[in-house]
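Comments concern the structure below.
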Amino acid sequence: RQDHVVLHLDAVLPRVIELATTSVQYREKAAACELLDAVIKLCIGINKEYAGTRDKSQLRDDFTAQYRHLFPAMLRLATDADAFARQLFEPLSFQVIHWMTSNTQADNSQTMALLDAIMGALSDDAHSGQREFGARCLSELVKYSIKHNKSASKGAHNVHSLLRRLFGMARHPAPLQRLGYAFALNSTYRQLREDKATLDSHLLEICEKTFFALQLAHRLPGVAAVEIQLKHGAIMSEFNRYRYNVLLHLGQKPDATMVV
């Protein structure tokens, strides 16, 4: 007889992530890091066990909501000041990329959660180490996406999703977003040039967005930061859902505690 213990970690994961990323007590931080490492590996293991299943009653491998919290924490800890956290999560980040890029569907929600976390690291406005590590992760993601692509006539699914996000960064008025685009392009062009199908589809667009980003930097040299403020309404409708103000901060970057 085998007894199965069911543990629900959703309630404790936010606290575990907080301790792993902010605690100054070494034992407390190390324990939280080890638990976080185990949870990520557990989710990946369940992904692998149930990958490709057609029985909806056994389809338990959708951890998209959890990954949107786990992956950003994993990338932050991969560049943490603590050596133990770095040694634990830097190799784990690349292992996760290797697994997640084996998806056979375009815009797979779990792979997109990882890609969004990497893009967030790439445009981090506080830590240059995060931007550099994000660029390395993108390079690895493109490399393995192309490696796992079995279609010679179509580009890798994840590369198309990545380019859509990069083009948005290239047209962004915030300088750090465009800097993130430059980091990404510089770290991935060696891999992109090996994917002929992607180049045939996107080469002119990559050049156009790059020149646009350079032109934008020349036209808006004084923009230090961009702030998007959603407009709130009493009734949820299409008029309230997509209305927002965009504030361009000129000169020095505003204080994080500043209230506008």
Side-chain angles (χ1 to χ4, degrees), residues 1-51 60-102 109-141 143-144 176 179-180 183-184 187 253 255-258:
R1 180 188 174 187
Q2 293 182 351
D3 294 328
H4 297 278
V5 178
V6 179
L7 297 176
H8 297 280
L9 299 175
D10 302 65
V12 300
L13 273 180
R15 180 57 176 164
V16 172
I17 292 174
E18 181 185 4
L19 290 175
T21 54
T22 63
S23 178
V24 295
Q25 298 291 332
Y26 178 77
R27 290 185 178 180
E28 190 176 69
K29 183 181 182 72
C33 285
E34 289 178 339
L35 178 56
L36 192 60
D37 172 75
V39 169
I40 294 174
K41 290 177 179 177
L42 174 64
C43 293
I44 297 295
I46 296 175
N47 280 156
K48 185 174 181 180
E49 181 180 358
Y50 289 93
R60 305 183 300 168
D61 63 339
D62 188 5
F63 294 106
T64 303
Q66 288 81 6
Y67 284 153
R68 293 201 177 277
H69 299 282
L70 292 172
F71 288 156
M74 176 184 71
L75 297 178
R76 286 198 304 271
L77 290 166
T79 58
D80 196 86
D82 183 77
F84 175 77
R86 290 197 310 272
Q87 292 170 3
L88 201 61
F89 287 98
E90 183 175 350
L92 177 63
S93 299
F94 293 116
Q95 291 168 9
V96 169
I97 289 172
H98 297 166
W99 165 251
M100 286 296 177
T101 50
S102 62
S109 61
Q110 297 178 95
T111 306
M112 294 305 100
L114 174 62
L115 180 55
D116 289 338
I118 295 175
M119 299 301 291
L122 191 65
S123 57
D124 191 290
D125 60 353
H127 304 288
S128 60
Q130 273 284 280
R131 295 194 292 270
E132 294 173 3
F133 186 68
R136 288 176 55 198
C137 288
L138 275 187
S139 177
E140 196 77 1
L141 185 142
K143 176 182 175 181
Y144 274 81
L176 280 175
L179 179 61
F183 266 120
S187 64
K253 181 182 174 182
D255 188 2
T257 59
M258 175 181 173

### Task
Evaluate the criterion side-chain contact (heavy atoms from CB on, under 4.5 Å) for residue pair L35 and V12; output intermediate values, then yes/no.
CA-CA 11 Å; L35 178 56; V12 300; 5.6 Å; no
### Query
Yes or no on ring-ring contact (aromatic ring centres under 6.0 Å, His included) for Y144 and F94, after CA distance, side-chain angles and deciding distance?
CA-CA 10 Å; Y144 274 81; F94 293 116; 9.5 Å; no
### Task
Please test T64 against Q110 for side-chain hydrogen bond (donor to acceptor under 3.5 Å, both in side chains), starting from the C-alpha separation and ending with a verdict.
CA-CA 5 Å; T64 303; Q110 297 178 95; 4.9 Å; no
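A 4.5 Å side-chain heavy-atom check between I44 and F63 finds every atom pair outside the cut-off. At a threshold of 4.5 Å between non-hydrogen side-chain atoms, the residues M74 and I40 count as touching. In this structure the side chain of I97 reaches within 4.5 angstrom of the side chain of L114, judged on heavy atoms. Considering only heavy atoms from C-beta on, K41 comes within 4.5 Å of L92 through its side chain. Put simply, the side chain of D37 does not reach to within 4.5 Å of the side chain of E34, judged on heavy atoms. Counting heavy atoms from C-beta on, the side chains of L36 and L19 never come closer than 4.5 Å. Between H98 and E140 there is a side-chain heavy-atom pair separated by less than 4.5 Å. For the pair L70 and L13, the minimum side-chain heavy-atom distance is below 4.5 Å.
S187 is linked by a side chain to side chain donor-acceptor pair (under 3.5 Å) to nothing, counting only residues two or more places apart in sequence or in another chain. Checked against side chain to side chain donor-acceptor pair (under 3.5 Å), E28 has the following partners two or more places apart in sequence or in another chain: S23. In this view, R136 and E90 satisfy the side chain to side chain donor-acceptor pair (under 3.5 Å) rule, not counting sequence neighbours.
The SG atom of C137 lies 11.0 Å from the CG atom of L115; values are rounded to the nearest 0.5 Å.
Between F89 and F84, a ring centre-to-centre spacing not shorter than 6.0 Å is recorded.
Across all their heavy atoms, A184 and L122 have their closest contact at CB-CD2, 3.5 Å.
Of the possible polar contacts, one joining the R131 side chain to the D124 backbone as a donor-acceptor pair under 3.5 Å is found. Looking only at distances, a side-chain donor or acceptor of T111 sits under 3.5 Å from a matching main-chain atom of M100.
The neighbour count for K143 NZ, taken as heavy atoms of other residues, nucleotides or ligands under 6.0 Å away, does not exceed 12.
The only member of I118, T79, L75 that meets side-chain contact (heavy atoms from CB on, under 4.5 Å) when paired with S93 is L75.
A salt bridge does not link D82 with K29: every distance from a Lys NZ or Arg NE/NH1/NH2 to an Asp or Glu carboxylate oxygen is 4.0 Å or more.
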